[in-house]
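Read the structure below first, then the notes.
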Amino acid sequence: MTLLDWPLWAQIVFAYVVVQRLAELVYANANTRRLLSEGGQEHGERHYPLFIVLHSGWLISIALFAVPETQPSLFLLNAFIASQTFRFWTLASIGRWWTTRIISAPHFPRVKKGPYRFIKHPNYALVVVEIALLPLLLGAPAMAITFSVLNAALLWWRIRVEEAVLGEREI
């Protein structure tokens with residue numbers, strides 16, 4: 001089954017995720033450039049390309065191998081919608097500081113509003129959910145497991161780098 005053979009609901013969900021990810025990259029790159037111009041420094045550059053490979057491979061694998069049902073699981077679809085609501089809350093809360101890279105400087109404040117009041121890394125928690133949820137929703141449970149394991153390994157590395165970097169920021 002090719003992407004064009006998928007039910008319309010599945011094509012819409014997948015297209016939404018692809019467009020959303022591309023729009024986020026544009027936003028993140030603009031924020032990255034601005035933060036660097038304000039004295040920020042990038043950390044964890046070595047692992048960043050691995051995230052690009054992981055997320056690209058995740059989307060490509062879903063596009064090539066997922067076999068969505070004619071009707072979506074309402075539980076999974078509602079969970080996906082809820083995850084996107086959480087995504088917008090997280091991005092709105094971190095605002096100008098959000099980027100796909102780790103850009104920091106001691107004079108940058110720590111974000112402590114929105115979901116950041118309750119969870120140290122809400123965006124990473126969200127990505128953990130999405131990496132598993134989208135393949136499950138689109139009929140690819142093996143991909144949910146495979147990419148979740150790979151994502152967990154990368155997040156373990158990244159969060160260690162980020163925690164060290166955040167420790168140098170003003171309170």
Side-chain angles (χ1 to χ4, degrees), residues 3-4 6 10-66 79-105 108-111 113-116 119-138 140 143-144 146-166 169:
L3 186 68
L4 297 175
W6 287 7
Q11 291 178 11
I12 290 169
V13 167
F14 186 75
Y16 162 80
V17 171
V18 170
V19 169
Q20 178 257 335
R21 288 295 200 276
L22 292 173
E24 280 186 4
L25 282 175
V26 170
Y27 179 60
N29 287 337
N31 283 347
T32 296
R33 285 190 301 276
R34 186 184 34 72
L35 292 171
L36 290 172
S37 75
E38 293 172 359
Q41 201 171 25
E42 184 171 1
H43 303 269
E45 302 93 333
R46 287 185 29 224
H47 72 259
Y48 186 74
L50 298 175
F51 276 100
I52 299 298
V53 170
L54 177 81
H55 286 263
S56 299
W58 174 68
L59 289 171
I60 291 166
S61 295
I62 292 170
L64 292 176
F65 303 113
F80 176 77
I81 292 167
S83 75
Q84 296 314 292
T85 301
F86 188 77
R87 170 177 290 288
F88 293 123
W89 184 35
T90 300
L91 291 178
S93 297
I94 198 167
R96 71 187 300 274
W97 305 103
W98 188 79
T99 178
T100 56
R101 297 175 181 268
I102 301 172
I103 308 296
S104 189
F108 289 177
R110 290 185 76 151
V111 174
K113 63 182 181 177
Y116 292 87
I119 304 172
K120 269 186 152 181
H121 301 283
N123 194 60
Y124 299 153
L126 170 69
V127 171
V128 165
V129 169
E130 287 178 328
I131 291 281
L133 188 59
L134 187 64
L136 290 174
L137 178 62
L138 297 175
M143 276 177 246
T146 302
F147 283 94
S148 290
V149 169
L150 295 171
N151 185 54
L154 281 178
L155 281 179
W156 179 83
W157 183 4
R158 183 179 181 103
I159 288 171
R160 288 171 46 124
V161 171
E162 192 163 319
E163 283 296 313
V165 169
L166 287 173
R169 284 197 183 176

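- In this structure, CZ in Phe14 is found 12.0 Å from CG in Leu137, a value given to the nearest 0.5 Å.
- One distance of note links OH of Tyr116 with CG of Asn123; it measures 5.5 Å at 0.5 Å rounding.
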Next item on the list: Quick one: do Val18 and Leu22 satisfy side-chain contact (heavy atoms from CB on, under 4.5 Å)? Show the steps, please.
Entry: CA-CA 6 Å; Val18 170; Leu22 292 173; 4.1 Å; yes

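- The closest donor-acceptor contact from the side chain of Arg158 to the backbone of Phe51 lies at 3.5 Å or more, if one exists at all.
- In Arg34, the CZ atom is crowded: over 12 heavy atoms of neighbouring residues, nucleotides or ligands sit closer than 6.0 Å.
- Using a 4.5 Å heavy-atom cutoff, the side chains of Lys113 and Ile94 are not in contact.
- Two residues are said to be in side-chain contact when any heavy atoms from C-beta on lie closer than 4.5 Å; His55 and Val127 meet this criterion.
- When side chains are defined from C-beta on, Ile102 does not count as touching Tyr48, because their heavy atoms never get closer than 4.5 Å.
- Using a 30° and 60° split on the angle between ring planes, Trp97 and Phe108 fall in the tilted class, from 30° to 60°.
- Checked by atom type and distance alone, the side chain of Asn31 never pairs as donor or acceptor with a backbone atom of Thr99 at under 3.5 Å.
- The CG atom of Leu134 sits 10.0 Å away from the CE atom of Met143 when rounded to the nearest 0.5 Å.
- For the residue pair Trp98 and Glu24, the shortest heavy atom distance occurs at CZ3-O, 3.3 Å.
- Looking at heavy atoms from C-beta onward, Ile159 lies in side-chain contact with Glu163 at the 4.5 angstrom threshold.
- Scanning for side-chain contact (heavy atoms from CB on, under 4.5 Å) contacts around Ala10 gives Trp6, Pro7, Pro68, Leu138, with sequence neighbours left out.
- In this structure the side chain of Thr85 never reaches within 4.5 angstrom of the side chain of Trp89, judged on heavy atoms.
- In plain terms, the two heavy atoms of Leu36 and Glu42 that are nearest each other are CD2-N, 4.1 Å.
- Arg46 has its side chain within reach of Trp157: a pair of non-hydrogen atoms, C-beta onward, lies under 4.5 Å apart.
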Check: When you look at Val129 and Phe86, which way does the side-chain contact (heavy atoms from CB on, under 4.5 Å) test go after all the steps?
Finding: CA-CA 11 Å; Val129 169; Phe86 188 77; over 6 Å; no

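- Side-chain contact between Leu50 and Leu54: absent, with no pair of heavy atoms (C-beta onward) separated by less than 4.5 Å.
- A distance of 14.0 Å separates CZ of Arg101 from CD of Glu162, quoted to the nearest 0.5 Å.
- Between Thr90 and Pro115, the shortest heavy-atom contact is OG1-CG, 3.5 Å.
- From Leu166, atom CG reaches atom NE2 of His43 across 9.5 Å, with rounding to the nearest 0.5 Å.
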Donor-acceptor list for residues 56-64 side chains, cut-off 3.5 Å, not counting sequence neighbours:
{"unit_1": "Ser56", "atom_1": "OG", "unit_2": "Ile52", "atom_2": "O", "d": "2.8"}
{"unit_1": "Trp58", "atom_1": "NE1", "unit_2": "Ile131", "atom_2": "O", "d": "3.1"}
{"unit_1": "Ser61", "atom_1": "OG", "unit_2": "Gly57", "atom_2": "O", "d": "2.7"}

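- Closest approach of Leu3 and Gln11 over heavy atoms only: O-NE2, 3.2 Å.
- Scanning all heavy atoms of the two residues, the minimum distance from Gly40 to Ala105 falls at CA-CB, 4.0 Å.
- Looking at every heavy atom in both residues, Ala132 comes nearest to Ala144 through O-CB, 3.4 Å.
- Considering only heavy atoms from C-beta on, Glu130 comes within 4.5 Å of Gln84 through its side chain.
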